[in-house]
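Remember, it's 1-based here, ligands and their atoms both numbered in the order they're listed. In this text, all values refer to a predicted model and were calculated from it rather than measured experimentally. Residue numbers count from 1 along this sequence.
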Amino acid sequence: MAEIGKNIETAKRLLEMGELVAIPTETVYGLAGNALNEKAVLEIFKVKNRPQFDPLIVHVANLEKAKELVEDFPGKAEKLATRFWPGPLTLLLKKKVHIPDLVTSGLETVGVRCPDHELTRSLLQQLSFPLAAPSANPFGYISPTRPEHVNEQLGEKIKYILDGGECLVGIESTIVGFENDFPIVYRLGGLSIEKIELVVGKVSVQLNSSSNPQAPGQLISHYAPKKKMKLGNLDELLRTHKTERVGVLTFQKQRDQLDNQIVLSASGNLEEAAQRLFASLRALDKKDIDIILAEEVPNIGLGKAINDRLRRAAAG
Ligand code: TXA
Ligand code: MG
């Protein structure tokens, strides 16, 4: 198992030697390596068992550092970065040549993001290179929001997990790219469309899921538990599956006389629901049940990203 600790020096030393370290962010834990070191980047794909056609996000301490990685920073990108960094926003921008093609899977753009977590920001400030970091889970499985989640699945393959406690946002960053300065959202995430539109006006949403998508990680079955999962009207699902051992993920309303039930937010708060989503799916996945039954949440604000993750989880 990996060591779980709060020692930035240890993390820094390992990363400088080209090794991988799991790092906390406000969204989910990342599996980090030196983004400019091809061997380290290759190791990330290996440890995650991730296909090399799925590009990695590069993490930096601030906007100035992000600018060193890209050819130019369009006006709207800069507005978004200024307003929302550090935070759950990834910008796709034209990459400079020194970013290895392996990081971007040969694409012309690189995903850059400045994560909002004190430990990781301080680590990034002390490093002389940016960190490539996908979510620290095996490819296709639910993303980790606590250090123990990382240890359960990747603990044998890495030495150190920087312990930043529980992730406060709980779902991955929102990914935004640009076409002729027009913003396009490629992945729904921890920053809502509504908030983005307040800053840059109307955006279009292109959630790709076909065979050669712009954001290949947007494969339809993703974030999936190992157990079978169904999404729909919970009361109907409960009737159809009444002879099976079910686990239930509800948004707000508790269903009486049911074991193995998790309520995402009793007060109906979408931020709280997002924060608890992945840990709840993991917990249900470990229960002695046949199937996980879940319902969608209201489709506004972070609810859109939560529903996106639920649909993908159920498509697995
Ligand atoms: O919140 C997050 O973004 C977390 C934390 C660790 O920062 N990271 C994360 O990384 O979710 P990952 O690798 O699990 O998901 C990154 C997504 C993938 O769907 C990938 O295809 C897409 O970003 N992506 C990365 N670079 C891209 C690029 N240049 N063009 C299109 N999609 C890109
Ligand atoms: Mg991921």
* **Taking every non-hydrogen atom, the tightest pair across L310 and A294** =>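 That would be CD2-CB, 4.4 Å.
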* Distance-minimising heavy-atom pair for T145 and T27 ->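 Closest approach of T145 to T27, heavy atoms only: CG2-O, 4.2 Å.
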What are the atoms of ligand 1, with element, lying closer than 4.0 Å to any heavy atom of [X]?
{"X": "S173", "result": "1 (O), 2 (C), 3 (O)"}
{"X": "E172", "result": "1 (O), 2 (C), 11 (O)"}
{"X": "T27", "result": "1 (O), 2 (C), 4 (C), 5 (C)"}
{"X": "D54", "result": "18 (C), 20 (C), 21 (O)"}
{"X": "L107", "result": "28 (C), 29 (N), 30 (N)"}
{"X": "I175", "result": "17 (C), 22 (C), 23 (O)"}
{"X": "T109", "result": "28 (C), 29 (N), 30 (N)"}
{"X": "H59", "result": "5 (C), 6 (C), 7 (O)"}

* Determine whether any heavy atom of R50 lies closer than 4.0 Å to an atom of ligand 1. =>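 Yes.
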* **N269 and S267: side chain donor to acceptor below 3.5 Å** =>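 The answer is no; no qualifying pair exists.
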* Asked: Around atom NZ of K227, are there more than 12 heavy atoms of other residues, nucleotides or ligands at under 6.0 Å?
  ->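 Atom NZ in K227 is packed in, count exceeds 12.
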* Asked: In terms of heavy-atom contacts, does CD of E118 have more than 12 from other residues, nucleotides or ligands at under 6.0 Å?
  ->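 Not buried by this count: 12 neighbours or fewer within 6.0 Å.
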Cationic N near anionic O, under 4.0 Å, [X] to [Y]:
{"X": "E197", "Y": "K202", "answer": "yes"}
{"X": "R312", "Y": "D308", "answer": "yes"}
{"X": "K46", "Y": "E43", "answer": "yes"}

* **Winner among S143, P24, P55 once heavy atoms are compared against atom 27 (C) of ligand 1** =>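 Selected option, by shortest heavy-atom distance: P55.
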* To do: Check whether any side-chain heavy atom of L69 lies under 4.5 Å from a side-chain heavy atom of H98, and answer yes or no.
  =>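 Result yes, sub-4.5 Å side-chain heavy-atom pair found.
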* Asked: Between the main-chain N or O of G170 and the side-chain N or O of Q275, is there a donor-acceptor pair closer than 3.5 Å?
  ->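 Checked: no pair found.
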* Would you find a donor on one side and an acceptor on the other, under 3.5 Å apart, between the side chain of R113 and the backbone of W85? ->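 The answer is no, because no donor-acceptor pair under 3.5 Å joins these two groups.
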* Asked: Under 2.8 Å from the Mg ion (ligand 2), which protein N/O/S atoms are there?
  ->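 Protein N/O/S atoms under 2.8 Å of the Mg ion (ligand 2): S135 OG.
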